[in-house]
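Read the structure below first, then the notes.
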Amino acid sequence: MELDGAGLTCAQVHHAAYDGARVTIASLDRARAAWATAQELTGPVYGKSTGVGANRDVMLEGAGLGLLRSHACGAGPPIGPARARAMLVVRLNQLLAGGSGVDPAVCRALAYAIEHGYTPPLRTYGAIGTGDLTALATTALCLLGELPWHRDPQRAPADPPRHDFVPGDALPFISSGAATLADAAIAGHRLRLLLDAAVDVAAMSFTAVDASAEPLAAAVQEARPHPGQAAVAARLRGLLSHEPTTRIQDPYGFRAFAQVHGAALDALARAVATIEVDLNSPTENPLIAGGLAWHNGNFHSAPVALALDALRAALVQTAQLSTARLATLMDPAYTGHLPFLADSPGASGALILEYVAQDALSDLRHLATPVTTGTAVISRGAEDHAGFATQAARHTLRCLEPLEVVLACERTAAARALHLATPDRPLTEDLEESRRALSRHPPHRL
C-alpha cells in the first residue's frame with residue numbers, strides 16, 4: 001500500500017500489521033515543507049527550545065536527546081510485533097501528513113523497518129491518551145542504535161534501520177498517539193468482520209427455532225430509519241428462506257435483533273470514522289503550519305476514547321442478545337427437540353454452552369466500563385486532564401475474544417439444533433470450529 005498522509009484506513013493498518021502488506025511512501029513533500037519551516041522558526045518553541053511538561057518555561061540552548069532516553073520507559077507484557085508494526089505504519093502516515101517538522105529522512109527509516117520486519121520492543125503500560133511517549137521514545141532509541149530492534153528472521157536483513165535524530169526532533173517525533181490508534185484500528189477492523197459474521201449466526205438461530213421474519217420487513221425498517229438496523233434487517237432477510245412462523249411474536253433475541261445489532265454496527269461505524277480522522281491527521285504539538293509553530297491540544301484523544309467507550313457498550317448489547325437466543329435454543333417449545341438439544345431424556349446435551357457464554361459475557365461487561373469518566377493530573381499540574389484512549393483501545397481489543405466466544409456458543413447450539421443431536425460428549429472442539437468460522441484472525445495473534 002502507498003502511504004500519503006491522507007487515505008489510511010483501519011483495514012489497511014491491519015493488513016500491513018498482520019498480512020505483510022508492502023508499504024511505500026507516495027510523497028515526502030508535506031513532511032519536507034514542515035521541516036523547512038521548522039528550521040526557520042525563531043522564539044520559544046515547546047520541546048525544541050524549551051523543556052516539556054512543567055518545564056515548558058525553562059529555556060534550553062537546544063533540547064537534548066535526553067528526552068528520548070528519559071521517556072523510553074514501559075512496563076508489563078511485551079506488545080507483539082504485529083501491533084508494534086501497526087504503530088510504525090500509523091506514525092509514518094502521520095509524519096507524511098506534515099506538521100511535525102522533523103527531518104523527513106526518518107520517514108524512509110520507518111518505511112524500511114516496516115518493510116523488513118524490524119519492530120521496537122514495546123511494553124503494554126505507559127500512556128494515558130495524551131501521546132504514546134514511551135512507545136515512540138523507545139522507537140527513536142532503536143533508530144539511534146541505543147536499543148535493539150526485534151527482528152523477523154524471515155524478512156530482516158543484517159542492517160537495521162537507523163536515523164540520527166537531531167536534538168530538536170526528539171519531542172516532535174514522539175508527540176503522537178500512534179500506538180493507541182494502531183490498536184484502535186486493529187480492533188475496528190476485526191470487529192467489523194466479527195459483527196458481520198454475527199448476522200450469519202443469527203440466521204442459523206432464526207432457522208433453528210422457526211423465528212418470524214416479520215420484524216425484519218422493509219416497512220418496519222422504513223418507519224425507523226437507523227442505517228445499521230436497516231442493513232442488518234436487509235441482510236438477514238436475504239439469508240432466511242423458511243416459511244413464516246405461526247407465532248405472533250418471538251422473544252427479543254429474535255424480534256429486536258436488527259435494532260440491537262444495528263446499533264452496534266452504527267457505533268462501530270462512528271468509531272472507525274473517528275479513528276480514521278486521526279490516522280490521517282498531524283496531531284502534533286506544536287503543529288508546524290503556515291510558517292509558524294502552533295501550540296495546541298490536538299494530541300488529546302477524547303474523540304477516540306468516547307467513540308470506543310460507546311462501541312464497547314454496544315458490543316455488550318449484541319452479546320447479551322446472543323445469550324438470549326442461546327437460551328431459546330435450549331427450550332423445546334421453540335426447537336421441537338428435547339431440552340438442551342439432548343439426544344435422550346434427562347441428558348444435558350448442550351447445556352454447558354450457556355455457562356461458557358455467560359462467563360465470556362461477564363468479561364465483556366467489565367471491559368465495557370467507560371474509561372472517559374476518569375482523569376489524571378501529572379507533571380506538577382501542567383497536564384491536568386487525560387483522554388485514556390489508550391485504555392479504551394486496549395479494552396476494545398480485549399473484547400474480541402469474549403465476544404467471539406459468546407457468538408461461537410450460539411453458533412454451536414444452532415448447528416446442533418439444525419442437525420441430529422448426538423450423545424453427550426465434550427463440546428470444546430465444536431466451539432473451536434465455530435470460532436474458526438467466525439474469525440479469520442484468532443485473538444491469540446494479537
Side-chain angles (χ1 to χ4, degrees), residues 190-221 224 226-269 314-315 317-337 341 350 353-354 356-357 360-361 400 403-421 427 430-440:
R190 291 200 183 179
L191 283 170
R192 182 185 63 79
L193 300 177
L194 194 51
L195 292 181
D196 187 58
V199 181
D200 295 309
V201 174
M204 293 174 65
S205 295
F206 265 73
T207 302
V209 304
D210 192 28
S212 172
E214 186 178 340
L216 307 172
V220 174
Q221 312 315 315
R224 192 193 191 199
H226 289 295
Q229 174 182 327
V232 169
R235 181 148 177 266
L236 191 50
R237 283 199 307 271
L239 293 172
L240 299 177
S241 58
H242 61 278
E243 293 297 317
T245 181
T246 57
R247 289 193 299 271
I248 294 177
Q249 289 198 144
D250 291 307
Y252 284 7
F254 300 90
R255 189 167 16 128
F257 174 70
Q259 288 75 13
V260 173
H261 198 65
L265 291 186
D266 287 340
L268 177 61
L315 297 180
Q317 296 269 301
T318 276
Q320 286 171 334
L321 221 60
S322 177
T323 59
R325 290 190 299 276
L326 176 61
T328 303
L329 288 165
M330 300 295 151
D331 190 338
Y334 288 94
T335 64
H337 299 303
L341 304 173
L353 293 176
E354 291 194 87
V356 177
L361 177 58
L400 288 164
L403 177 59
E404 185 179 271
V405 168
V406 169
L407 294 172
C409 287
E410 181 190 353
R411 184 184 186 278
T412 301
R416 187 181 177 103
L418 290 168
H419 301 91
L420 291 176
L427 295 176
D430 298 68
L431 266 180
E432 288 303 306
E433 180 183 347
S434 287
R435 291 187 68 186
R436 287 190 291 270
L438 286 167
S439 178
R440 284 185 257 170

> Is His337 reaching over with its side chain to a backbone N or O of Ala417, donor-acceptor style, under 3.5 angstrom?
Replying inline: yes
>> Ser434: which residues meet the side-chain hydrogen bond (donor to acceptor under 3.5 Å, both in side chains) condition with it, sequence neighbours left out?
In response: Arg411, Thr412
> Are the charged groups of Asp210 and Arg247 less than 4.0 angstrom apart, N to O?
Replying inline: no
> Testing Val232, Leu239, Leu240 for side chain to side chain contact (heavy atoms under 4.5 Å, CB included) with Leu216, which one passes?
Replying inline: Leu240
> Which atom pair, heavy atoms only, marks the closest approach of Leu403 to Leu195?
Replying inline: CD2-CD2, 4.2 Å
> Would you say the side chain of Leu353 lies within less than 4.5 Å of the side chain of Leu431, judging by non-hydrogen atoms?
Replying inline: yes
> In Å, rounded to the nearest 0.5 Å, how long is the span from CG of Leu265 to CG of Asp196?
Replying inline: 8.0 Å
>> What's the separation between atom OG1 in Thr328 and atom OH in Tyr252, rounded to the nearest 0.5 Å?
In response: 13.0 Å
>> I need the minimum non-hydrogen distance between Ala413 and Met330, along with the two atoms involved.
In response: CB-CE, 4.0 Å
> Would you find more than 12 non-hydrogen atoms of other residues, nucleotides or ligands less than 6.0 Å from Gln320 atom CD?
Replying inline: yes
>> Checking Ala198 now: which residues fulfil side-chain contact (heavy atoms from CB on, under 4.5 Å) with it, not counting sequence neighbours?
In response: His261, Leu407
> Which atom names give the shortest non-hydrogen contact between Cys409 and Ala357, and what distance separates them?
Replying inline: SG-N, 3.8 Å
> Does some side-chain heavy atom of Phe254 sit less than 4.5 Å from a side-chain heavy atom of Pro215?
Replying inline: no
> Going by heavy atoms in the side chains, are Val209 and Arg325 under 4.5 Å from each other?
Replying inline: no
> Ignoring hydrogens and geometry, is there a side-chain-to-backbone donor-acceptor pair from Arg416 to Leu341 under 3.5 Å?
Replying inline: yes
> Is the closest side-chain heavy-atom distance between Arg235 and Asp200 below 4.5 Å?
Replying inline: yes
>> So, using side-chain hydrogen bond (donor to acceptor under 3.5 Å, both in side chains) as the criterion, who are the partners of Asp266 when residues are at least two apart?
In response: none
>> Which heavy atom of Ala360 sits nearest to which heavy atom of Val405, and what is that distance?
In response: CB-CG1, 3.8 Å
> Residues in side-chain hydrogen bond (donor to acceptor under 3.5 Å, both in side chains) with Arg255, at least two apart?
Replying inline: Gln249
> Can you check whether Thr323 reaches Glu354 side chain to side chain, under 4.5 Å on heavy atoms?
Replying inline: no
>> For Asp331, give me all partners under salt bridge (charged side-chain N to carboxylate O under 4.0 Å, His left out), at least two apart in sequence or on another chain.
In response: none
> Measuring from Gln259:CD to Gln317:CD, what's the distance to the nearest 0.5 Å?
Replying inline: 12.0 Å
>> Holding to side-chain hydrogen bond (donor to acceptor under 3.5 Å, both in side chains), I want the full list of residues that pass it with Glu432, two or more places apart in sequence or in another chain.
In response: none
>> Side chains of Val406 and Thr318, heavy atoms from C-beta outward: is any pair under 4.5 Å?
In response: no
> Which distance, rounded to the nearest 0.5 Å, do you find between the CE of Met204 and the CG of Leu418?
Replying inline: 5.5 Å
>> So which atom in Ala324 and which in Gly253 form the shortest heavy-atom distance, rounded to 0.1 Å?
In response: CB-CA, 4.4 Å
>> Counting C-beta onward and ignoring hydrogens, is there a side-chain heavy-atom pair between Phe257 and Ser205 closer than 4.5 Å?
In response: no
> For the residue pair Ala319 and Leu361, what are the closest heavy atoms and their distance?
Replying inline: CB-CD1, 3.7 Å
